[in-house]
Amino acid sequence: TAKENGRGQFSVFSTEMNQRVFEYLWLDTNLRKALELSQLVIHYQPKLDVDGTVSSVEALVRWLSPERGLLRPDRFISYAEESGLIVPLGRWVMLTVLEQILEWRKRGIFLRVAVNVSARQLIDQSIYTDLKLALDEAGLESCPIDIELTESCLMENESQALVLMGEFQQLGASVHLDDFGTGYSSLSQLARVPIDAIKLDQSFIRNVDEKAVSQSLVRAIVAVARALDLQVIAEGIETEEEEAFALACGVDVRQGYLYAKPMPVDELEHWLAHYLVKA
Ligand code: C2E
Ligand code: MG
Ligand code: MG
Ligand code: MG
C-alpha cells in the first residue's frame with residue numbers, strides 16, 4: 001500500500017497525480033471557454049501532388065491561450081475526446097474550414113482541405129448532418145473536404161464508422177486513413193473499408209533512406225494500396241532523402257516540413273503565392 005511504500009515515494013506519486021488532476025481541471029474550465037471566446041485557430045499545411053502542385057491542405061487546430069500561448073493539439077485533443085468536447089470542437093473545425101474554402105473560391109483559389117476526425121465524433125451522427133446542411137446552404141454539390149480518420153476509429157465503433165464513411169463519400173468527401181501502420185488494422189482490412197487513400201505514418205518515413213526494413217514496408221504498403229486502387233500519402237517528410245525515397249516508391253501525395261509547416265491562413269496564402277512548382 002502507499003503507506004508501506006514510505007513517505008518519499010508516496011509524495012512523488014501524489015505530486016504526479018496532482019499535476020494530472022490540475023491539468024484536467026484547467027482544461028475542463030478553459031477549453032470550453034476557448035471555444036466560446038474564439039481562441040481556437042486553424043493552421044493549414046500544404047500537400048504536394050507528384051508534379052509538385054498543391055491542390056490540398058490539411059487543417060490542424062491550435063489553441064491561442066492568453067495564459068499559456070500557442071498550444072498544439074496533443075495538449076488538448078485527448079482531453080476533448082474524453083470529455084466529449086471534441087464534438088462541438090470538431091463541428092467548429094469543419095464549419096470553419098468550409099467557410100474558408102468558400103472564401104477562397106470567391107478569390108479563385110481552389111483547394112481541398114483535409115480535416116482530422118476522432119473516433120468519438122463518429123458516434124455522434126451530427127458530424128454528418130451538420131456537414132450536409134452546410135453544403136446545401138453553400139450550394140456546393142460536391143464536398144471539397146478530405147476526412148482523415150485513424151485506424152482506431154475503425155476499431156472503436158466499426159459498423160457505425162463504416163456507414164458514416166460511405167455517407168461522407170456520397171457527399172463527395174474523400175476518406176483517408178491517417179497514421180496508417182501504427183494501429184492494428186491488417187492490410188486485408190483495407191479491402192473492405194470505404195476509403196480513398198492511406199496516409200502513411202511519419203515513423204515509416206523518418207530516415208527511411210537509411211533503414212532497409214522501413215523501405216521494404218513502405219514498398220509493400222504502396223503495392224497493396226495500388227492493387228486496391230487507393231492513393232498513398234506520405235506525411236512527415238523532412239529531408240531530400242526521404243522525399244526521394246517516397247517518390248521512387250510511387251507515393252502520390254507528400255507533406256512535411258521539407259515543404260512547409262502548418263501555417264495561419266494569411267501565411268499560407270503568402271506561401272502559395274510565392275511557391276514555384278518544382279516538377
Ligand atoms: P496528424 O493528423 O497525424 O497530423 C500530423 C502532425 O504532424 C501535425 O501535428 C503536423 O504539424 C505534424 N507534422 C507535419 N509535417 C511534419 C514533419 O515533417 N515533421 C514532423 N516532425 N511533424 C510534422 P499537430 O498539428 O501537432 O497535430 C497533432 C495531431 O492532432 C494530428 O495528427 C491529429 O491527429 C490531431 N488533430 C489536429 N487537428 C485536429 C482536429 O481539428 N480534430 C481532431 N480530432 N484531431 C486533430
Ligand atoms: Mg491528419
Ligand atoms: Mg498523421
Ligand atoms: Mg498523427
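Both ligands and their constituent atoms are indexed starting at 1 by order of listing. Not measured: the values here are computed from a predicted model.
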**Message:** Yes or no: does Lys261 have any heavy atom under 4.0 Å from an atom of ligand 1?
**Reply:** no
**Asked** So Trp26 and Trp63, would you call those rings parallel, tilted or perpendicular, with 30° and 60° as cut-offs?
**Response** parallel
**Request:** May I ask you to say whether Lys47 pairs ionically with Asp252, meaning some side-chain N is under 4.0 Å from a carboxylate O?
**Result:** no
**Under-4.0 Å heavy-atom contact with ligand 1, by part of Gln45 that carries it** = side chain
**Asked** Where does Val115 meet ligand 1, judged by heavy-atom distances below 4.0 Å: at the side chain, the backbone, both, or neither?
**Response** neither
**Message:** Just to check, does Gly90 reach to within less than 4.0 Å of ligand 1 when the distance is taken from its heavy atoms?
**Reply:** no
**Prompt:** Which ligand 1 atoms does Val93 reach within 4.0 Å, using its non-hydrogen atoms?
**Reply:** 41 (O)
**Prompt:** Backbone or side chain, does any N or O of Pro262 fall under 3.5 Å from an N or O of ligand 1?
**Reply:** no
**Prompt:** Thinking salt bridges, do Arg120 and Asp124 make one under a 4.0 Å N-O criterion?
**Reply:** no
**Message:** Are Val224 and Val251 linked, directly or through intermediate hydrophobic residues, by side-chain heavy-atom contacts shorter than 4.5 Å (ILVMFWY only)?
**Reply:** yes
**Per-atom contacts of ligand 1 with Asp178, taking only distances under 4.0 Å to non-hydrogen atoms** = 1 (P), 2 (O), 3 (O)
**Fill in**
Ile86 heavy atoms within 4.0 Å reach ligand 1 at atoms 44 (N)
**Asked** Just by distance, do the side chain of Glu242 and the backbone of Asn207 share a donor-acceptor pair under 3.5 Å?
**Response** yes
**Asked** Hey, which atoms in ligand 1 end up nearer than 4.0 Å to a heavy atom of Gln121?
**Response** 44 (N)
**Item:** Hphob cluster co-occupancy, Leu135 + Val175, side-chain heavy atoms under 4.5 angstrom
**Value:** yes
**Prompt:** Hey, does Glu238 have a side-chain heavy atom less than 4.5 Å from the side chain of Arg206?
**Reply:** yes
**Asked** Taking the Mg ion (ligand 3) as the vertex, what is the angle from OD1 of Asp178 to OD1 of Asp179, given to 10 degrees?
**Response** 90°
**Fill in**
At under 4.0 Å between heavy atoms, what of Asp179 touches ligand 1? The answer is side chain
**Asked** Taking everything shown except Arg112 itself, do over 12 heavy atoms lie less than 6.0 Å from its CZ?
**Response** yes
**Message:** Test of understanding: given a 4.0 Å heavy-atom threshold, classify the contact between Ser118 and ligand 1 as side chain, backbone, both, or neither.
**Reply:** both
**ligand 1 contact by Glu81, heavy-atom criterion under 4.0 angstrom** = no
**Asked** How about Leu272 and Val57: do any of their side-chain heavy atoms sit closer than 4.5 Å?
**Response** no
**Asked** Can you list the atoms of ligand 1 that are under 4.0 Å from a heavy atom of Glu238?
**Response** 17 (C), 18 (O), 19 (N), 20 (C), 21 (N)
**Message:** Checking Asp49 against Ser55: is there a side-chain donor and acceptor pair closer than 3.5 Å?
**Reply:** yes
**Message:** Please classify the Gln255 to ligand 1 contact at 4.0 Å (heavy-atom distances, strictly less than): side chain, backbone, both or neither.
**Reply:** neither
**Request:** Please name the atom of Glu58, restricted to N, O or S, that is closest to the Mg ion (ligand 2).
**Result:** OE2
**Message:** Quick check on Asp74 - does any of its heavy atoms sit under 4.0 Å from an atom of ligand 1?
**Reply:** no
**Prompt:** Are Leu154 and Leu177 side-chain neighbours, meaning at least one heavy-atom pair lies under 4.5 Å?
**Reply:** yes
**Side-chain donor/acceptor of Ser78 to backbone N/O of Asp74, under 3.5 Å** = no
**Message:** With a 4.0 Å cut-off on heavy atoms, is Lys199 in contact with ligand 1?
**Reply:** no
**Complete:** The answer for which part of Leu89 has a heavy atom under 4.0 Å from ligand 1 is neither
**Message:** Using a 4.0 Å cutoff against the non-hydrogen atoms of Gly256, which atoms of ligand 1 qualify?
**Reply:** 15 (N), 18 (O)
**Item:** Whether Tyr275 and Trp271 hold their rings parallel, tilted or perpendicular, with breakpoints at 30° and 60°
**Value:** parallel
**Under 3.5 Å side-chain donor-acceptor pair for Glu243 and Tyr259** = yes
**Prompt:** Is Phe76 linked to Leu70 within one hydrophobic cluster, defined over Ile, Leu, Val, Met, Phe, Trp and Tyr using a side-chain heavy-atom separation of less than 4.5 Å?
**Reply:** no
**Item:** Option nearest atom 9 (O) of ligand 1 (shortest heavy-atom distance, choices Arg72, Gln202, His43, Arg120)
**Value:** Arg72
**Fill in**
A student comparing Tyr257, Trp92, Phe76 should find that the heavy atom closest to atom 17 (C) of ligand 1 comes from Tyr257
**Item:** Where ligand 1 meets Glu58 - atom numbers and elements under 4.0 angstrom, heavy-atom basis
**Value:** 2 (O), 4 (O)
**Angle, OE1 of Glu148 through the Mg ion (ligand 2) to OD1 of Asn116 - 10° precision** = 90°
**Item:** Ligand-residue contact atoms, ligand 1 with Glu235, heavy atoms, under 4.0 Å
**Value:** 3 (O), 5 (C)
